[in-house]
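All values below were derived from every heavy atom in this structure, side-chain atoms included, with hydrogens, water molecules and symmetry-related copies excluded.
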Amino acid sequence: LGALPNFARVAFAAACAERQMADYARVATNLDTFKSVASGLDCIWNELLGVPTRDETLTRHLSDCMSALPQPEGPEGQDTDAITSTAYAISARLTGVIEEAAWAARRAFDNLYFYLTDPIPSKEFTPEAEQRVLAHPLIQAELQRQRRDLSDLTELVRDKGNLISTILRLRARAKEAAQHFTVPVG
């Protein structure tokens, strides 16, 4: 991730956020908030495709994402991870901080990890149970998607490939994966 230029890190973070959006749409209790977060993510994708975006616009979208997050004592869920990943993608674009993209990816992993561990009673959550969760097809699929995204972006930078087609492919793949993010395929 550190070897990639910022636009590629932003694309990686956006793909991680995009994969969580369909689940967020299913659990969203406030349609306006969902639309606001989705608009911020769309703004990032559009900029990656060459539509210039002012920093002030992105800052407003970041503020909208931060306002959509529950208070520290509030419940977290799939919506929180999707919102946070979107905020990290926007922040990665604004700041160029490498960790922002890594944190977006981590929230996608966390989303699935907590989805899978939440039903397990704490007294039954043994090291063996955690290993089963980490080996679960949903977790492994997300890790594979992240590796593939990074590989595609590395190849794009190394070979000076077609930016637009790579970004479109990344987004389309993320949108497709979003349809079964917490539901195993097959």
In this structure, would [X] and [Y] fall into the same cluster of hydrophobic residues linked by side-chain contacts under 4.5 Å?
{"X": "Y88", "Y": "I167", "result": "no"}
{"X": "L134", "Y": "L112", "result": "yes"}
{"X": "F114", "Y": "W103", "result": "no"}

N/O donor-acceptor pair under 3.5 Å between [X] side chain and [Y] backbone:
{"X": "S85", "Y": "D81", "value": "yes"}
{"X": "T166", "Y": "N162", "value": "yes"}
{"X": "D55", "Y": "L94", "value": "no"}
{"X": "R145", "Y": "A174", "value": "no"}

Using a 4.5 Å cut-off on heavy atoms from C-beta on, say whether the side chain of [Y] contacts that of [X].
{"X": "D23", "Y": "Q20", "answer": "no"}
{"X": "N46", "Y": "T53", "answer": "no"}
{"X": "H61", "Y": "T86", "answer": "no"}
{"X": "E155", "Y": "R158", "answer": "yes"}
{"X": "V157", "Y": "P5", "answer": "yes"}
{"X": "F12", "Y": "L1", "answer": "yes"}
{"X": "L156", "Y": "F7", "answer": "yes"}
{"X": "Y24", "Y": "N111", "answer": "no"}

**Prompt:** Where does the angle between the aromatic ring planes of Y113 and F125 fall among parallel (under 30°), tilted (30 to 60°) and perpendicular (over 60°)?
**Reply:**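 Rings of Y113 and F125: perpendicular, over 60°.
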**Message:** Nearest 0.5 angstrom please: E56 CD to S63 OG, how far?
**Reply:**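 E56 atom CD to S63 atom OG measures 13.5 Å (nearest 0.5 Å).
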**Item:** R93 CZ to I44 CD1 distance, which is reported to the nearest 0.5 Å
**Value:**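 That separation rounds to 6.5 Å.
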**R54, CZ atom: more than 12 neighbouring heavy atoms under 6.0 Å** =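 Open.
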**Item:** R148 atom CZ, neighbour heavy-atom count above 12 within 6.0 Å
**Value:**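 Counting neighbours around CZ of R148, 12 or fewer heavy atoms of other residues, nucleotides or ligands fall under 6.0 Å, so no.
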Give the minimum heavy-atom separation between [X] and [Y], together with the two atoms involved.
{"X": "A15", "Y": "D149", "result": "CB-OD2, 3.5 Å"}
{"X": "F34", "Y": "A28", "result": "CB-CB, 4.0 Å"}
{"X": "A104", "Y": "C16", "result": "O-CB, 3.8 Å"}
{"X": "A177", "Y": "R19", "result": "CB-CD, 3.7 Å"}
{"X": "A92", "Y": "V10", "result": "C-CG2, 3.8 Å"}

**Message:** Does L69 form a side-chain contact (heavy atoms from CB on, under 4.5 Å) with M66? I'd like the steps, not just the answer.
**Reply:** CA-CA 5 Å; L69 290 170; M66 300 309 289; 4.1 Å; yes
**Message:** Checking L58 against E47 for the side-chain contact (heavy atoms from CB on, under 4.5 Å) test, could you report, in this order, the C-alpha distance in whole Å, the side-chain angles of both residues, the deciding distance, and whether it holds?
**Reply:** CA-CA 10 Å; L58 290 171; E47 184 173 71; 4.1 Å; yes
**Prompt:** E142 and Q146: side-chain donor and acceptor closer than 3.5 Å?
**Reply:**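 Present: a donor and an acceptor within the cut-off.
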**Request:** Evaluate side-chain contact (heavy atoms from CB on, under 4.5 Å) for R107 paired with T80, printing each intermediate quantity in order.
**Result:** CA-CA 9 Å; R107 287 309 288 246; T80 303; 3.5 Å; yes
**Prompt:** Should the pair K35-D42 be classified as a salt bridge under the 4.0 Å nitrogen-to-oxygen rule?
**Reply:**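 No, no charged N to carboxylate O under 4.0 Å.
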**Message:** Using the rule given for salt bridge (Lys or Arg N to Asp or Glu O under 4.0 Å), can you reason through E176 versus R173, listing the C-alpha separation, both sets of side-chain angles and the distance that settles it, and then say yes or no?
**Reply:** CA-CA 5 Å; E176 171 61 27; R173 216 169 43 216; over 6 Å; no
